[in-house]
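In what follows, chains carry the letters A, B, and so on, assigned in the order in which the sequence lines appear, proteins first and then strands, with residues in each chain numbered from 1.
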Amino acid sequence: MSTFLEVKNLHVSFPTEDGAVLASNDVSYSVALGETLAIVGESGSGKSVANLAVMGLHNPQRTKISGSAILHLPEGPIDVLSAPNETVRRLRGKAMSMIFQDPMSALHPFYTIGDQIAEAWALYNEGSKADGIKRAVEMLDLVGIPDASKRVHEYPHQFSGGMRQRVMIAMALVNNPSLLIADEPTTALDVTVQSQILRLLADLQKEFNMAVILITHDLGVVAEVADRVSVMYSGRVVESAPIDEIFYNTTHPYTRGLLNSIPRVDNNGIGTRLKAIPGQPPSLISVPKGCAFEARCEFASHVSGGLCHAVNPDLVEKAPSHFGRCHLTGQQVIEIANQNNGVK
Amino acid sequence: MLKYVSQRLFYTVLLLLLVSLSVYFIFDLLPVDPARLVCSKNCSPALLRDTRHKLGLDVSVIEQWLRFLQGLFIGRDYGVAAAAIHCPAPAFGYSFSRHECVSTVLSHAFPVTLSLAVLAFILWMTVGVSLGVLAARKKGSIFDRVSTVFVLIGTSLPTFLTGVLVVIFIILKFNLVDPLEIGNWSNPLTDPIGWLQTFIWPAATLAFAYAATYTRFTRSNVIETSSEDFIRTARAKGLSEKVILRKHTLRAALAPLVTLAGLDFAGLLGGAIITEKVFGLDGLGGISIEAVTSSYDLPIIVGTTIVASTFVVVANLIVDITYAFIDPRVRHA
Amino acid sequence: MAENILELQNLKKHFPTTSGGLFNRQKGVVKAVDGVSLSIGVGETVGLVGESGCGKTTAGRTVMKLYEPTEGKILFQGEDITNYSRHQMMPFRSQMQMIFQDPFASLNPRHTVGTIVGASYDIHGIKPAGGVENAVRDLLERVGLNPEHINRFPHEFSGGQRQRIGIARAIALKPKLIVADEPVSALDVSIQAQVVNLLDDLQQEFGLSYLFVAHDLSVVQHISDRVVVMYLGKVMESAPTQSLFSSPRHPYTKALLSAVPIPDPKIERARERILLQGDLPSPVNPPAGCVFNTRCWKAQDTCRTVVPEPVQIAPNHILACHYPEPAK
């Protein structure tokens, strides 16, 4: 698989009256064609912020961005963070597309969905308005909207949430992009509709050999569709590995905490307590000097000399293609966890 | 849609009937006897009774109102026998202070008011919307701050003050308009320059306050719409900022302006009382204020009230239909 | 079995839809809740689940009498409160409390935490021993907040902390029943677990009963003793949690469970999914017969014409389906 997007040392901050909010702090990740990278994190972890920066969708007047994000296009690599705005704009919708969490508000309420899809198509294709609508009908068919040739003339409010997300997908893919960034695409939808949309995304990815970045907070969704996972906490990537490594050889205490804190529908947990992570994430304005997770980490006491408090660990390879940002080795984390479980 | 419109028209007529009826009742409650005012100084009880009969005030309020309705459709005669004056339909009444049919009075006053309203409307829409859009696009810039000052002055200065200032400085001090020409009616088709000279300053005075409100409204709507998810979608598609502003932001941001503008314009068609007074224009506002304050000329008051409320309710209807065309969500609701 | 705290008998809540205009004629009716029966015992948690538009939130609010029920009965500790006036409800208000989904919108931003939590005492004219302020401090400490923060305003707290404030307010008067409407769905996963555990602890400590309204089946499974599954205003299936999750009998329950992703890639790969077709039909115009028939893969002609009656198929297990799944 060939790498399509390579993000390196991405910093995104928003200056505010109280100080700069460092929303994305030295973030690196990459995704290859045909691959699904899930970026997991809670609100404020920086998962959306980083990807909006790649798309060039932040307001340049109110955002400071540094680092690089290389798109490996057939005509040569290009760094979208340093390229001129106009160049990046001509990549949006064509080389890279994005769909968003709330399909209810992401479509313009005054235009038919056909018009909105045709508008995206016309940006990069020669043809009449009728050609655009014809293409829109094809796309709607592709994303599984029944009766597409009739519904193409309808307005967003005439569609249900799940159908609108399909429309968004159709619009995002109308110019065959190589990268699709899906920001919490199913969070606003019901579970039965969520599985339809996830299935659709997986099928389309295969069909078009796209690189997909799935931004989500839901580890269940991750387990269902991801090839690789990057876990973010407080603006940083704390663990990054192939899917099975993340779930079965978890090396970072935060990832561990997340996995333990969610109830699962397949194991009857009546009467047991959930293992909650105590406390809450630190403010992004005054970023701790050391590890951002230290205050909530049950493993920090196993690191001597207050290292966790003083030094922010680097993201290092803990096992082949498994990266973690922790002063403990992967092995140590697993041993301590087993010990703790044994004691309890 | 047709059903909706006919339903709305039905309510419109009903509303106008109620409005006219209430004008009659309110007028009846006033502690003034119009007949005594019309009747000359050496008024005898017999003469007063006579006048009252001539004015049609010797019957009950309801009957006065019913006669009024009848006159609207078939015209009406005022006075007795040979001295009777005929006002053709739609007869709003006969003004004994002006010795004219109300419809004639209105037909002279209305073009004045319409001219003022149209000119003011064009001015404030152009200025208000463009200032608002520019201020929103350059939020926080010097230009934005200057426009905020404009909004502040415009909304806080009352029209009678701006009007008087305009009269004193522009007309009297700099002699941009011949003071003797103020308020003179010129037909815009035959004498457009004269028309413009008459109306440009009162219209500007009127537009000043409205433009400020519209600047503020446009600015906040554009800013709010710019942060909508669908604008982010438009950007993610790869559209240029120009297209995003024109096709996506403005369309959504200015839609609510249709409602506001329609109603404001219709309101002005009922007469801009203060501006007309300051500039000595004989529009609907001018004649109604005179009818209310000096002559207690009920037929005039009823006439102007009906005309003004007709404009407001009809404008409401037009605004709602227009809005349904702009916003499909309303159309399908 | 002990006395029920709450019993709903065939509860219905219909909202009229109107034509607008001067006479505002009634055009139709949205059957948001259409015949829900359930009971909650002392110290028991009943989960009410379903997708958006299924009527679970309306049901919860009708129980609280925030909506007037259209039909059916609400029994609180055996007393029929269905038609009680606001005044008659007052004594019950202190015994049944509500926790809301949005911890940002449900707290008055201009009031301090002390005022918000203490308000319950004032409204019901109760003077706690040691004074209101001390009582509020105790409550804050009990829900895991710093009692020193009694004079802070809601915006100074995070989402999870605000939900704790909402919980403190709800338990101030030591209610018997708490209706929790999506209490954790606006919270981040790591915070969600903290709040779920808090609710668990409080139940143990005060012997509370919960009506837990939520769409997240994994949370509902974790916290509930029994679960009621709703679809388009009707109860599809209700059963003890264990049997409902291990052997769902209603096709809808089965599909719903199958749609919930499990955070375990190996299980996910091996899993067989039931993909429901289409979306939820409009509650203004629900399908005839069984409301689920338009999306059900087992639907027969009977399902399109005959409404399946709720039938008790095992102790505490009620099912409304013509062609149920076999028991495991």
*A/Tyr254 versus chain C, heavy atoms under 4.5 Å apart: side chain, backbone, both or neither?*
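No part of it gets close to chain C.
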*Heavy-atom distance under 4.5 Å to chain C: side chain of A/Val222, backbone, both or neither?*
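Looking at A/Val222, nothing touches chain C.
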*Ring-face cation contact, A/Tyr248 with C/Lys266, 6.0 Å cut, 45° max*: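 The answer is yes; both the distance and angle limits are met.
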*side chain to side chain contact (heavy atoms under 4.5 Å, CB included) evaluation trace for A/Thr192 with C/Arg295*: CA-CA 11 Å; A/Thr192 57; C/Arg295 298 174 79 197; 3.2 Å; yes
*Under 3.5 Å, is there a donor-acceptor pair between the C/Ser190 and A/Glu42 side chains?*
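The answer is yes; a qualifying pair exists.
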At a heavy-atom distance under 4.5 Å, which candidate from [options] has the highest pair count against chain A?
options	answer
C/Ser246, C/Ser158, C/Ala259	C/Ala259
C/Ala193, C/Gly144, C/Gly50	C/Ala193
C/Asn197, C/Leu276, C/Ile267, C/Leu280	C/Asn197

*Look only at the side chain of C/Gln221 and the backbone of A/Val265, and say whether a donor-acceptor pair between them is shorter than 3.5 Å.*
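Side chain of C/Gln221 to backbone of A/Val265: a pair is present.
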*So does A/Arg264 pair up with C/Asp264, basic N to acidic O under 4.0 Å?*
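Looking at C/Asp264 together with A/Arg264, the answer is yes, because their closest N to O distance falls below 4.0 Å.
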*asked:* What's the separation between atom CG in C/Leu275 and atom CD in A/Gln196, rounded to the nearest 0.5 Å?
replied: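 C/Leu275 CG to A/Gln196 CD: 6.5 Å, rounded to 0.5 Å.
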*Of A/Leu189, A/Val193, A/Asp190, the residue whose pairing with C/Ser52 passes side-chain contact (heavy atoms from CB on, under 4.5 Å)*: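 Among A/Leu189, A/Val193, A/Asp190, the one that satisfies the side-chain contact (heavy atoms from CB on, under 4.5 Å) with C/Ser52 is A/Asp190.
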*Knowing that exactly one of C/Arg271, C/Arg269, C/Arg273 qualifies, which makes a salt bridge (Lys or Arg N to Asp or Glu O under 4.0 Å) with A/Glu224?*
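By the salt bridge (Lys or Arg N to Asp or Glu O under 4.0 Å) criterion, A/Glu224 pairs with just one of C/Arg271, C/Arg269, C/Arg273: C/Arg273.
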